[in-house]
Amino acid sequence: GAGVSQSPSNKVTEKGKDVELRCDPISGHTALYWYRQSLGQGLEFLIYFQGNSAPDKSGLPSDRFSAERTGGSVSTLTIQRTQQEDSAVYLCASSLPSGQETQYFGPGTRLLVL
Amino acid sequence: DQQVKQNSPSLSVQEGRISILNCDYTNSMFDYFLWYKKYPAEGPTFLISISSIKDKNEDGRFTVFLNKSAKHLSLHIVPSQPGDSAVYFCAALDSGTYKYIFGTGTRLKVLA
């Protein structure tokens, strides 16, 4: 594909429900990042995948958050038992293997938890 | 502990004038810096970068300056155009890691 795609573009859910956010990185990009941007905040690192290595999950805010990357390509970020403070824009980015490589971002998923 | 800071949340500039966006960092291990531009409802797009071995990098209307001793970088846009109106994020990387640290962004408005 031409760029990083994310789905859904918008998601409204009720507190306590689970949500899944999807990211399709640029073909050939082995590095994949998830970030969260809350209102008025910068981009908060959540998780990093690089090839077949174990992901860096150090940015996940709680154990309600998890992410997978299947076949080194598509990634899914899952938020269980959503809370209102989870409302944010969730951004995915991919790049060539890290080391001063430019990240290419998807358009984001806007999550609103009521 | 905010390692990358953009202390100006917003900036307004007249069309044709220079826009200067500032960014400060605290981690001396950062050796690569980037600026991203973000329009509403879109993801950030890469604008320009600079390695710590340089103090200036220029690309058309955009120039990034790095002052390592002050741990400060700035983005200059000249001449500013209305289409430059967006949120600008600076980001920093310790190349020994893979974790980019982003600032909170500065919203630039270029007035026609």
Side-chain angles (χ1 to χ4, degrees), chain A residues 2-10 21 23-26 29-51 53-60 88-112, chain B residues 1-10 21-27 29-54 57 59 62 64 66 86-107:
Chain A
V4 178
S5 60
Q6 291 186 246
S7 61
S9 54
N10 293 282
L21 313 179
C23 172
D24 280 274
I26 292 173
H29 280 189
T30 57
L32 188 148
Y33 300 75
W34 282 98
Y35 295 90
R36 176 171 73 173
Q37 185 183 14
S38 303
L39 191 64
Q41 303 296 314
L43 276 67
E44 174 189 5
F45 167 81
L46 297 178
I47 188 168
Y48 165 76
F49 295 90
Q50 171 52 39
S53 302
D56 177 350
K57 304 178 181 180
S58 61
L60 295 179
V89 177
Y90 289 82
L91 291 157
C92 174
S94 72
S95 73
L96 293 170
S98 293
Q100 300 191 359
E101 292 293 342
T102 299
Q103 293 181 311
Y104 294 86
F105 282 84
T109 293
R110 284 147 198 82
L111 175 65
L112 177 61
Chain B
D1 176 26
Q2 217 172 338
Q3 298 185 67
V4 178
K5 299 178 185 179
Q6 294 177 256
N7 292 318
S8 297
S10 63
L21 296 99
N22 294 303
C23 181
D24 296 292
Y25 61 95
T26 58
N27 188 341
M29 296 299 293
F30 289 146
D31 57 359
Y32 189 59
F33 304 88
L34 309 92
W35 284 94
Y36 284 83
K37 179 167 73 173
K38 185 181 185 300
Y39 292 119
E42 296 182 11
T45 56
F46 171 73
L47 198 55
I48 193 169
S49 63
I50 188 167
S51 167
S52 61
I53 62 174
K54 296 185 175 181
N57 188 26
D59 183 2
F62 302 92
V64 55
L66 176 62
V87 177
Y88 290 78
F89 291 97
C90 68
L93 174 71
D94 170 358
S95 294
T97 74
Y98 43 74
K99 201 173 291 186
Y100 294 81
I101 307 298
F102 284 80
T104 52
T106 296
R107 183 178 301 277

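Keep in mind that what you see is a predicted model, and the values were worked out from it rather than measured. Heavy-atom basis, side chains included; hydrogens, waters and symmetry copies ignored. So you know, we letter chains A, B, ... as the sequences are listed, proteins then strands, and number each from 1.
- In this structure, B/Y100 has its ring center no closer than 6.0 Å to that of A/Y35.
- Between the side chain of B/Q6 and the backbone N or O of B/L21 there is no donor-acceptor pair closer than 3.5 Å.
- For a residue to count as touching a neighbouring chain, one of its non-hydrogen atoms must lie under 4.5 Å from one of that chain's; by this rule A/L43 touches chain B with backbone and side chain alike.
- Of the two parts of B/A91, neither the backbone nor the side chain holds a non-hydrogen atom closer than 4.5 Å to a non-hydrogen atom of chain A.
- Using a distance-only test at 3.5 Å, with no hydrogens or angles considered, a donor-acceptor pair links the side chain of B/D31 to the main chain of B/S95.
- Chain B forms more heavy-atom pairs under 4.5 Å with one residue of A/Q41, A/R110, A/E44 than with any other, namely A/R110.
- If you measure heavy-atom distances from A/Q6 to chain B, you find no contacts under 4.5 Å at all.
- Of all heavy-atom pairs between A/L96 and A/A31, the closest is O-CB, 3.8 Å.
- Neither the backbone nor the side chain of B/D94 comes within less than 4.5 Å of any heavy atom of chain A.
- A side-chain contact (heavy atoms from CB on, under 4.5 Å) with A/T109 is found for one member of A/V89, A/N10, A/L21 and no other, namely A/L21.
- Contact annotation for B/Y36: only side-chain heavy atoms (C-beta onward) come within less than 4.5 Å of a heavy atom of chain A.
- Contacts with chain A were tallied for B/S49, B/G103, B/G105, B/P44; B/P44 has the most, counting heavy-atom pairs under 4.5 Å.
- Enclosure of atom OH in A/Y104 is not indicated, since only 12 or fewer non-hydrogen atoms of other residues, nucleotides or ligands lie within 6.0 angstrom.
- Proximity to chain B is absent for every atom of A/S9, based on heavy atoms less than 4.5 angstrom apart.
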